[in-house]
Amino acid sequence: MTEDELAALVGTRMPGGTRTLEKWWVTLVLDAMECSADDGASHPTFVFLVATGSMGWTWNELFDIFAATEADGPMFGETNTSVHTPLQTGETYTVRGEIVSAARKTGKKTGVFDIVGYRLDVLDAQAELVASTTNSIVFPRRVENV
């Protein structure tokens, strides 16, 4: 993938999807994180889980868009989550997202890599923005593939 091809992917929309925060799932996630059941779905982790689980692509499909595979060793980069209204157990949320940045970098030790940023918005039943999470993925590149 060339730098121009990479840059052209900024603005690409994700298919999106919906997720209902079922009580059993909320309970299991909180238990796995050793959090209080009183936190319920308002725990900020649910924004990330709902958003990435309903972006409309599998991780492998997302990697494929950037000419990468799991075997290439993509790494999670930065994350920034904003919660405007806490998520609620039993509610159904819609997720929409897009690629917001893509840049090629070169590190002395790591060589060539791409950093791709994507934002996922979580909307309630009234289509109001309740939360969003902006994340990045680092795609290591082999010189012969750039």
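We use all heavy atoms of the structure for the numbers below, so side chains are in, but hydrogens, waters and symmetry mates are not. In this chain, numbering begins with 1 at the start of the sequence shown.
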Checking [X] side chain against [Y] main chain: does a donor-acceptor pair fall under 3.5 Å?
{"X": "Tyr93", "Y": "Ala51", "result": "no"}
{"X": "Ser136", "Y": "Glu78", "result": "yes"}
{"X": "Gln88", "Y": "Pro86", "result": "yes"}
{"X": "Arg119", "Y": "Val100", "result": "no"}

Using the rule that Ile, Leu, Val, Met, Phe, Trp and Tyr join whenever any side-chain heavy atoms are under 4.5 Å apart, tell me whether [X] and [Y] fall into a single cluster.
{"X": "Met75", "Y": "Tyr118", "value": "no"}
{"X": "Val47", "Y": "Leu129", "value": "no"}
{"X": "Leu120", "Y": "Val10", "value": "no"}
{"X": "Phe113", "Y": "Leu6", "value": "no"}

Nearest-0.5 Å distance, [atom1] of residue [X] to [atom2] of residue [Y]:
{"X": "Ile115", "Y": "Arg104", "atom1": "CD1", "atom2": "CZ", "value": "11.5 Å"}
{"X": "Leu30", "Y": "Phe46", "atom1": "CG", "atom2": "CZ", "value": "4.0 Å"}
{"X": "Ser54", "Y": "Leu49", "atom1": "OG", "atom2": "CG", "value": "10.0 Å"}
{"X": "Met14", "Y": "Ile99", "atom1": "CE", "atom2": "CD1", "value": "4.0 Å"}
{"X": "Arg141", "Y": "Lys105", "atom1": "CZ", "atom2": "NZ", "value": "14.5 Å"}
{"X": "Thr85", "Y": "Glu91", "atom1": "OG1", "atom2": "CD", "value": "11.5 Å"}

Any idea which heavy atoms bring [X] and [Y] closest together, and the distance?
{"X": "Glu61", "Y": "Trp57", "answer": "OE1-CA, 3.2 Å"}
{"X": "Pro74", "Y": "Thr69", "answer": "CD-O, 3.3 Å"}
{"X": "Asp121", "Y": "Ser132", "answer": "OD1-CB, 3.1 Å"}
{"X": "Val138", "Y": "Pro140", "answer": "O-CD, 3.4 Å"}
{"X": "Ala131", "Y": "Val83", "answer": "CB-CA, 4.1 Å"}
{"X": "Met55", "Y": "Leu62", "answer": "CE-CD2, 4.4 Å"}

Give the C-alpha distance, both sets of side-chain angles, the deciding distance and a yes or no for side chain to side chain contact (heavy atoms under 4.5 Å, CB included) between Val95 and Arg19.
-> CA-CA 8 Å; Val95 175; Arg19 176 70 49 124; 5.7 Å; no
Considering residues, nucleotides and ligands other than Arg96, do more than 12 of their heavy atoms fall under 6.0 Å from its CZ?
-> no
With sequence neighbours left out, write down each residue that passes salt bridge (charged side-chain N to carboxylate O under 4.0 Å, His left out) with Asp124, or none if nothing qualifies.
-> none
Have a look at Asn135 and tell me which of Thr79, Thr52, Asn80 forms a side chain to side chain donor-acceptor pair (under 3.5 Å) with it.
-> Thr79
With under 30° as parallel and over 60° as perpendicular, where do the rings of Phe66 and Phe139 fit, or are they tilted in between?
-> parallel
Between Phe63 and Trp59, what is the ring plane arrangement, given parallel below 30°, perpendicular above 60°, and tilted in between?
-> tilted
